[in-house]
Amino acid sequence: MLYQTSLRLLLALALLAPAAVAQTDSKPTVPDVERLRAHVSYLASDKLGGRRTGTPGAQEAARYVAREFMRLRLRPGGNPNGDDLSENNYLQGFPYVAGVELGRGNSLTLSRRDGENPREPVSFRVGEDWMPLGFGSNGRLEGAAVAFVGYGIAAADQNYDDYKGADVKGKVALAFAGTPDGDNPHGRFTRAGELRFKAAAARAAGAAALLVVAVEENFKDDKLSALRYDHAGRDAGLPVAAVSRQAAVKILGMGPAFVLDEFEKSVRARGAAAAMSGAAADGDARVTVVGDDAFGKGMVLSLATDVVRENAPAANVVGVLEGSDPKLKAEAIVIGAHYDHLGLGGEGSLAGREGEVHHGADDNASGTAGLLELARLFSREPQLMRRTVVFVAFGGEEEGLIGSSHYAEHPARPLEQTVAMINMDMIGRLRDDVLNVGGVGTAAEWRSVVGEANKGYKVTLDPSITGGGAGAAKPGGAAGEKEGKKEDKKDGGEGDKKGEARTRGVGDATPRAPRPGGPDQISITGTNGRHVLTAVPAERFTLRLNEDGFGPSDHSAFYARRVPVLFFFTGSHEDYHKPTDTADRVNYEGEARVLQLVREIVYDLQARDTRPTYAVAKSEASARPTGFKVSLGTVPSYGDSSDGLKLDAVREGSPAAAAGLRAGDKIVRLAGRDVRNVYDYTQALSEMKAGQQYDVEVLRDGQRLSLKVTPAARK
C-alpha cells in the first residue's frame, strides 16, 4: 500500500507541479494521452472502414495491434508454436462466416395440385420476386400447401398467438413483416416481431418453411431483398425467404384488383384489437390455408433454397508478457478489449441507413488503445509483473462474442491458471467522473481492491505554479491548465477569473471530502518558504459498481469458466453504434485516468501472493425488459450451432443447476419443443410457467440425457 500511496502522490506532483518536484529523483511513467489519441485516430479512421469482422479493415486493425505487440517485444500468443516475433504469430484465427451468396439451386414455383383447373406454373425470379434469407436453412419442398398466418407472431407473454387453432404442419407459413404495432419501436411485439423469432415460432408450430411479405412496394427497395448473414443464433432450422408484395398476391390466389395494403390493414387491426384486449388470438380469423378455401384453392408451392456461406479471415491478437516470479509466472492475468466494430452499418447499427463508415472510436478503439498503452507501460516494468500478463485484442465481439468465446476454449495460458480477466469496452467517454465497473461480485476481494485503487488526492497549487490564482486542481493533467481554460471557456465558466486551475489527467481525484481515516494532508514547501502544493485524500471517480460477471462483452466467456472478472465502461451515449462515434469525440484525458485505475488494480494483483477468490456473483436485473416471466439460470453460447443450444455456463443455485444442467451441455429439447438454436430456446422459455416442472433433453459427452427443470419466477 505504501508503494501505491507514493505513486499516486508522485503522479499528482509530477504532472501538476513540475517546478515543485524538480528535485525528486524520478518522474513516474504515466498513460500517454497523445499515444491514445494516435491509436484511436488510426483505428477509427475511414481507412479501416469500421473494422467489421472479416473485412480488410478489421484484418488491418489486427495487424496494427500485432505490430505494436511485436514492437514492445511481447511474446506471440496466437500461434502456440511460434516463438519468433513475427506478425502472424500474434494472430489467433477463429472460424468466421463473413457473408453469403446465392447458390445455383434456388427456385420458387406456384402451381395447382391434383390436376384442378390445370395451367402453367408461375415461377418467381430470385432477386426480383423473392430472396432466401441468410439465416434460413437450405432445403427443398415439393407441392406444399401455404398457410397465411397474419404477422406470424407467437408471444405468450402477451397472450397472443397467430398460430392458435391452425394446423400448419408440413405447410409453408406466409406472414407479413412487422407487427400489429406498426412502426412503433416500443410496441408490445418488438422482440417477437423480429425475423429470427418469427422463424422460431413457425418452426415450433410445425411449419416446413416461412415466407415473409416485404414492406416496400418495389421489392428491390426493401431491406429483405439484400442477401445477408448475421451471427445471432445461426441456422434457423427451416428455410426462410422474403417475397415481394406482388408475388404474395399471386400466392394468395387473388386477382389483379385485390389490394394487399387494405388486406394488411385489416389484419393489423384484428391483431391490434386482440393485443389490446389481452385475449388470445383467434386462429380462425387469421390463419387461412391457401388451397383449402377462397384463398387460392388448389394452389401449392415448390421451394428450394440454396445459400452458400463465405468464410473470411478473423483473429484475436494475443501478446504475452512473461512473469518475473519463478513460481507466480505460471499464473496469468488477462487484459482484453475488442477491436472490431460495425463496418458500414447493417446488423447492429442504430443509424438510419447503411453505407456510412461506423468509426467505432469509443466502441471500441478506445479500449484497444488502452490495451496497447497498458502493454507499453507494463513492459517497461517487468520486475513488478510477477505473474504473466496476457494482452488480448478480441475480434468478433459485435457478432456475438465470437473471438472471446474462441479464446476461452483455446487460451494462451490455461484458464485454470488465469487468476483474473480485466475487460475494457468503451472507456473513451468519461463524463462527470462517473465510471462503471462490472464484475465486482466475482471475487471476494474485488470491492476492496477497486476501492483502494480509486483513492487519490485533491491537490491545491500555489498560483505561481499555475500562472493563475490559488485554488483546487485535479491532479495528473496531461493537458494541464491549457485544457482547464479551454473547458472553462466552453462551459461559460469563470474559472480563470477566480484563479482556479482546472487540470485533468491520470493521477487525478475529483475534489470531494477527505477520506475518513486516510492519511493527513500533505504539504510541499518551496525554497521561498511558501506552501507550493497541498494534497488531501479524495476519490478519483464516482464508481457505479455491478456485481454480475456476465454481460454483453468479452469478459462473460471467462466468468463462465470461473475466472474472476472486472469490466470497465464509461457509459453509453448518443453516438453509440452510429457513424458519429468518431475520434474527435473521445475524452483522451479521461481515458488516461481510467487506465491509471486499471493499472493500479493490476499492481495490486501482482503484489499479492494469493490469487483472487472466485465468488458466485449476484445476478443483476436487466436494464431492458426481456418479456420472460421465468428464469432457468442458463447462459447460452452464441457459437455456430444448428443442432442444439450449447450452454456456456449455468448459474450456481439456479433452477438449471438444480436440474443437473452443466456448462457444455447442448439443449436439444425443452418443454416439448425441439431446440436447434437460441431462438427456439427463447420461444420455449417464453411459454413456460414458474413452479411447473418441464422435461429438458441435453446432449452431454455424446449421450442424450433427460432431466426435469422447474423454472423460477423472474424478479
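None of these values were measured; they are calculated from a predicted model.
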Peer 1: Determine, for E687 against R673, whether the closest basic-nitrogen to carboxylate-oxygen distance falls under 4.0 angstrom.
Peer 2: yes
Peer 1: Less than 3.5 Å apart, which donor and acceptor atoms pair up between the side chains of residues 201-220 and the rest of the protein, not counting sequence neighbours?
Peer 2:
from	atom 1	to	atom 2	distance (Å)
R203	NH1	D674	O	3.4
R203	NH1	D680	OD2	2.6
E217	OE2	Q246	NE2	3.1
N218	OD1	K220	N	3.2

Peer 1: Restricting to ring-ring contact (aromatic ring centres under 6.0 Å, His included), what partner residues turn up for F550, sequence neighbours left out?
Peer 2: Y559
Peer 1: Would you please indicate if the ring centroids of Y407 and F558 are separated by under 6.0 Å?
Peer 2: yes
Peer 1: Could you tell me which non-hydrogen atom of Y339 sits nearest to which non-hydrogen atom of A62, and how far apart they are?
Peer 2: OH-CB, 3.7 Å
Peer 1: If you define the side chain from C-beta out and look only at heavy atoms, does anything of L647 sit under 4.5 Å from V635?
Peer 2: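 No; the side chains remain at least 4.5 Å from each other.
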Peer 1: Among H573, H358, E574, find the residue that satisfies the side chain to side chain contact (heavy atoms under 4.5 Å, CB included) test when tested with D581.
Peer 2: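 Output: one option passes, namely H573.
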Peer 1: Using the test side chain to side chain contact (heavy atoms under 4.5 Å, CB included), find all partners of L699 that sit at least two apart in sequence or belong to another chain.
Peer 2: K666, V668, R704
Peer 1: Could you walk me through whether R51 and D340 satisfy the salt bridge (charged side-chain N to carboxylate O under 4.0 Å, His left out) test, starting with their C-alpha distance in whole Å, then the side-chain angles of each, then the deciding distance to 0.1 Å, before giving a yes or no?
Peer 2: CA-CA 5 Å; R51 312 186 308 280; D340 65 302; over 6 Å; no
Peer 1: Begin from the C-alpha positions of I402 and F94 and carry the test side-chain contact (heavy atoms from CB on, under 4.5 Å) through to its verdict.
Peer 2: CA-CA 8 Å; I402 300 174; F94 56 82; 3.7 Å; yes
Peer 1: Got N423 and H338 here, is their nearest side-chain heavy-atom distance under 4.5 Å?
Peer 2: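 Side chain of N423 against side chain of H338, heavy atoms only: no contact under 4.5 Å found.
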Peer 1: Please assess K646 against E409 for the test salt bridge (charged side-chain N to carboxylate O under 4.0 Å, His left out), listing each intermediate value before the final yes or no.
Peer 2: CA-CA 13 Å; K646 184 178 179 182; E409 294 179 359; 3.5 Å; yes
Peer 1: Given side chains that start at C-beta, do those of L108 and V126 come closer than 4.5 Å, heavy atoms only?
Peer 2: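 With C-beta onward as the side chain, the pair stays apart.
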Peer 1: List the residues meeting side chain to side chain contact (heavy atoms under 4.5 Å, CB included) with N138, not counting sequence neighbours, and say none if there are none.
Peer 2: T305, D306, V307
Peer 1: Using side chain to side chain contact (heavy atoms under 4.5 Å, CB included) as the criterion, list what pairs up with K265, not counting sequence neighbours.
Peer 2: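 Listed in chain order: E262.
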Peer 1: Please list, chain by chain and in numerical order, all residues satisfying side-chain hydrogen bond (donor to acceptor under 3.5 Å, both in side chains) with N311, sequence neighbours excluded.
Peer 2: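 With neighbours one apart ignored, the set is empty.
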Peer 1: I'd like to know if E101 and R228 make a salt bridge, using a cut-off of under 4.0 Å between side-chain N and carboxylate O.
Peer 2: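 Salt bridge between E101 and R228, a charged N being under 4.0 Å from a carboxylate O: no.
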Peer 1: Which residues pass the side-chain hydrogen bond (donor to acceptor under 3.5 Å, both in side chains) test with R140, sequence neighbours left out?
Peer 2: none
Peer 1: Assign the ring pair H410 / H406 to parallel, tilted or perpendicular, where the plane angle (0 to 90°) is split at 30° and 60°.
Peer 2: tilted
Peer 1: Do the side chains of Y576 and M426 get nearer than 4.5 Å, heavy atoms only?
Peer 2: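 When only atoms from C-beta onward are counted, Y576 and M426 do touch, with a gap below 4.5 Å.
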Peer 1: Can you name the nearest heavy-atom pair linking L401 to G551, along with the distance?
Peer 2: CD1-O, 4.3 Å
Peer 1: Who pairs with P313 by side chain to side chain contact (heavy atoms under 4.5 Å, CB included), at least two apart in sequence or on another chain?
Peer 2: Q59
Peer 1: Quick check: does any side chain N or O of S556 sit under 3.5 Å from a backbone N or O of P552, one acting as donor and the other as acceptor?
Peer 2: no
Peer 1: Return the OG to CG distance between S349 and L342, rounded to the nearest 0.5 Å.
Peer 2: 6.5 Å
Peer 1: Report the C-alpha distance between V698 and R669 in whole Å, list the side-chain angles of each, state the deciding distance to 0.1 Å, and finish with yes or no for side-chain contact (heavy atoms from CB on, under 4.5 Å).
Peer 2: CA-CA 7 Å; V698 302; R669 191 169 177 82; over 6 Å; no
Peer 1: Taking the side chain as everything from C-beta on, heavy atoms only, tell me whether T682 gets closer than 4.5 Å to F197.
Peer 2: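 T682 vs F197: side chains touch.
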Peer 1: Please give me the minimum heavy-atom distance between L252 and L260, naming the atom from each residue.
Peer 2: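 Minimum heavy-atom separation between L252 and L260: CD1-CD1, 4.1 Å.
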Peer 1: Shortest non-hydrogen contact from N677 to G237?
Peer 2: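 So the minimum-distance heavy-atom pair works out to ND2-N, 4.5 Å.
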Peer 1: Quick check: closest heavy atoms across G136 and A236, and the distance to 0.1 Å?
Peer 2: CA-CB, 4.2 Å
Peer 1: Decide yes or no on salt bridge (charged side-chain N to carboxylate O under 4.0 Å, His left out) for E347 and R52, but give the supporting numbers first.
Peer 2: CA-CA 10 Å; E347 188 69 26; R52 172 77 78 171; over 6 Å; no
Peer 1: If you look only at distance, which donor and acceptor atoms sit under 3.5 Å apart when one is on a side chain in residues 143-155 and the other is two or more places apart or in another chain?
Peer 2:
from	atom 1	to	atom 2	distance (Å)
Y151	OH	R268	NE	3.2
Y151	OH	R268	NH2	3.4

Peer 1: Does D129 have any salt bridge (Lys or Arg N to Asp or Glu O under 4.0 Å) partners at least two apart in sequence or in another chain, and if so, which?
Peer 2: R125
Peer 1: Does E310 have any side-chain hydrogen bond (donor to acceptor under 3.5 Å, both in side chains) partners at least two apart in sequence or in another chain, and if so, which?
Peer 2: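 Applying side-chain hydrogen bond (donor to acceptor under 3.5 Å, both in side chains) to E310 gives none.
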Peer 1: Show the numbers, then the answer: is there a side chain to side chain donor-acceptor pair (under 3.5 Å) between S302 and E142?
Peer 2: CA-CA 4 Å; S302 295; E142 294 290 343; 3.3 Å; yes
Peer 1: Mind checking side-chain hydrogen bond (donor to acceptor under 3.5 Å, both in side chains) for R353 and listing every partner two or more places apart, or none if nothing turns up?
Peer 2: E356
Peer 1: We want to know whether H577 and E398 form a side-chain donor-acceptor pair, criterion being a heavy-atom distance below 3.5 angstrom.
Peer 2: yes
